[in-house]
Amino acid sequence: MTKFYFVRHGQTETNLARRFNGGRTDTPLTASGRDGAIAVGRFLATTGFAGIYASPMPRAQTTAELIVAQSRVVQPPIVTDRDLREVDLGKWDGQPLASVQDDPEINHYYHNLTAFDNQRIGAESFAHALKRGRRAINRIYDAHPDGKVLVVAHGLIGMLLLSTYLGADLDSARDAMRIPPNNSISELDTSDGEQFTRGSLWAFVPATAESK
């Protein structure tokens with residue numbers, strides 16, 4: 001069995017400013033974001049991973065590096081997988097969330113993902129993002145059909161994967177679960193790379209003093 005530990009990157013300056021933090025924008029982790037990533041690393045300090053994978057975006061890379069730096073066991077090198085990058089939100093990327101609340105597409109963005117007109121704002125479709133995300137997880141499972149795997153990525157792509165692996169369809173994936181918090185850990189277990197079950201940790205944000 002393979003146990004996937006999905007971790008969303010730490011809080012960034014863009015998150016703090018309540019702006020869209022998609023695949024076209026990247027800002028440094030805040031002090032709180034860095035502290036949270038360190039807390040994740042301390043919580044997982046004695047967990048040996050068969051593989052560690054991260055989105056190529058700097059906020060995910062920094063989070064992964066901070067997690068690994070806390071480890072008290074030998075860990076494999078971080079592997080960058082481009083298919084784990086965040087969903088490209090086109091013209092919305094980096095814009096204040098409040099600035100598009102009257103846009104006719106906002107309801108689709110939150111509740112009807114297959115109806116979202118991504119082309120109108122030059123964004124990536126949720127179907128495409130999910131397809132590439134699953135492609136990454138398939139590769140990772142094939143490389144590690146047993147053991148524990150750490151995947152450090154993003155809120156939207158993480159939500160799409162977690163929600164649909166547990167049975168939600170794409171259209172209602174976001175209604176089925178919230179976007180995971182920054183520096184949260186969510187576990188999925190699989191014995192075949194096709195069927196997944198929810199693990200004991202879900203959207204869990206370790207406190208700074210906790211360790212595992």
Side-chain angles (χ1 to χ4, degrees), residues 3-89 93-94 129 132-133 136-137 139-140 143-144 147-163 177-188 199 201-212:
K3 181 180 287 292
F4 282 90
Y5 291 71
F6 289 88
V7 174
R8 185 185 175 193
H9 64 80
Q11 182 194 64
T12 67
E13 294 174 359
T14 303
N15 292 141
L16 185 61
R18 296 190 57 76
R19 292 174 177 268
F20 285 100
N21 202 25
R24 292 193 185 187
T25 187
D26 203 278
T27 53
L29 300 189
T30 62
S32 176
R34 294 181 66 86
D35 288 345
I38 290 169
V40 172
R42 289 175 177 166
F43 184 82
L44 298 173
T46 60
T47 301
F49 290 104
I52 299 176
Y53 295 81
S55 157
M57 302 191 75
R59 59 188 183 266
Q61 291 280 315
T62 299
T63 301
E65 290 165 1
L66 287 169
I67 292 170
V68 172
Q70 315 310 311
S71 185
R72 298 201 294 270
V73 297
V74 177
Q75 300 287 13
I78 298 168
V79 176
T80 300
D81 193 317
R82 180 169 172 76
D83 282 336
L84 293 173
R85 68 192 183 278
E86 183 59 297
V87 180
D88 184 339
L89 296 178
D93 241 332
R132 64 170 168 80
I137 300 305
R139 282 195 299 268
I140 294 170
H144 310 286
K148 298 175 180 178
V149 175
L150 177 64
V151 176
V152 182
H154 305 271
L156 278 174
I157 190 69
M159 175 275 298
L160 291 173
L161 290 167
L162 293 168
S163 187
M177 71 170 288
R178 292 174 174 266
I179 288 181
N182 293 112
N183 285 318
S184 63
I185 307 168
S186 297
E187 294 179 18
L188 284 182
L201 297 175
W202 194 256
F204 173 71
V205 180
T208 302
E210 288 188 51
S211 62
K212 183 178 181 181

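- Listed by first and then second residue, the salt bridge (Lys or Arg N to Asp or Glu O under 4.0 Å) pairs that reach into residues 48-68 are Asp26-Arg59, sequence neighbours excluded.
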**Message:** Would Thr80 and Gln61 count as a side-chain hydrogen bond (donor to acceptor under 3.5 Å, both in side chains) here? Give the steps.
**Reply:** CA-CA 8 Å; Thr80 300; Gln61 291 280 315; 3.0 Å; yes
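- For the pair Leu188 and Leu161, the minimum side-chain heavy-atom distance is 4.5 Å or more.
- At a threshold of 4.5 Å between non-hydrogen side-chain atoms, the residues Val149 and Val151 count as touching.
- Under a cut-off of 6.0 angstrom, the local environment of CZ in Arg132 is crowded, with over 12 non-hydrogen atoms contributed by other residues, nucleotides or ligands.
- Gly22 and Leu89 make their closest contact through CA-CD1, 4.1 Å (heavy atoms, listed as atom of the first residue, atom of the second, distance).
- Put simply, CD on Gln70 and CZ on Arg42 are 5.5 Å apart, with the number rounded to the nearest 0.5 Å.
- Residues Val87 and Leu160 form a side-chain contact, since some pair of their non-hydrogen atoms from C-beta on lies under 4.5 Å apart.
- Between Ile179 and Gly155 the shortest heavy-atom distance is CG2-CA, 3.5 Å.
- Checked options Tyr53, Phe4, Phe49; the residue passing with His144 is Tyr53 (criterion: ring-ring contact (aromatic ring centres under 6.0 Å, His included)).
- Across Asp93 and Gly23, no two heavy atoms sit closer than the pair OD2-N, 3.2 Å.
- Listed here is the closest heavy atom pair of Leu16 and Thr30: CD2-CG2, 4.2 Å.
- With rounding to the nearest 0.5 angstrom, the CD1 atom of Ile157 is 8.5 Å from the CG atom of Asp83.
- For the pair Ser55 and Leu84, the tightest heavy-atom approach, listed with the atom from each and the gap, is CB-O, 3.4 Å.
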**Asked** Stepwise, does the side-chain contact (heavy atoms from CB on, under 4.5 Å) test hold for Asn183 with Thr63?
**Response** CA-CA 8 Å; Asn183 285 318; Thr63 301; 3.9 Å; yes
**Request:** For the pair Ile137 and Phe6, evaluate side-chain contact (heavy atoms from CB on, under 4.5 Å) and give the outcome as yes or no after the intermediate values.
**Result:** CA-CA 11 Å; Ile137 300 305; Phe6 289 88; 3.8 Å; yes
**Request:** Applying side-chain contact (heavy atoms from CB on, under 4.5 Å), run through Asn15 and His9 and close with a yes or a no.
**Result:** CA-CA 11 Å; Asn15 292 141; His9 64 80; 3.4 Å; yes
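- Smallest separation of non-hydrogen atoms from Ala60 and Ala153: CB-O, 4.3 Å.
- Legend: salt bridge (Lys or Arg N to Asp or Glu O under 4.0 Å) pairs involving residues 7-25, not counting sequence neighbours, sorted by first then second residue: Arg24-Asp88.
- Looking at heavy atoms from C-beta onward, Ser184 lies out of side-chain contact with Phe204 at the 4.5 angstrom threshold.
- In terms of modelled atom types and a separation under 3.5 Å, the side chain of Thr14 and the main chain of Asn21 share no donor-acceptor contact.
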**Message:** Apply side-chain contact (heavy atoms from CB on, under 4.5 Å) to residues Ile67 and Ile52 and explain how you reach the verdict.
**Reply:** CA-CA 10 Å; Ile67 292 170; Ile52 299 176; over 6 Å; no
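- Under the 3.5 Å distance criterion, the side-chain polar atoms of Gln75 are matched with a main-chain donor or acceptor of Thr47.
- Here the side chains of Leu156 and Glu86 are in contact, with some heavy-atom distance below 4.5 Å.
- Side-chain contact between Thr62 and Arg34: present, with at least one pair of heavy atoms (C-beta onward) separated by less than 4.5 Å.
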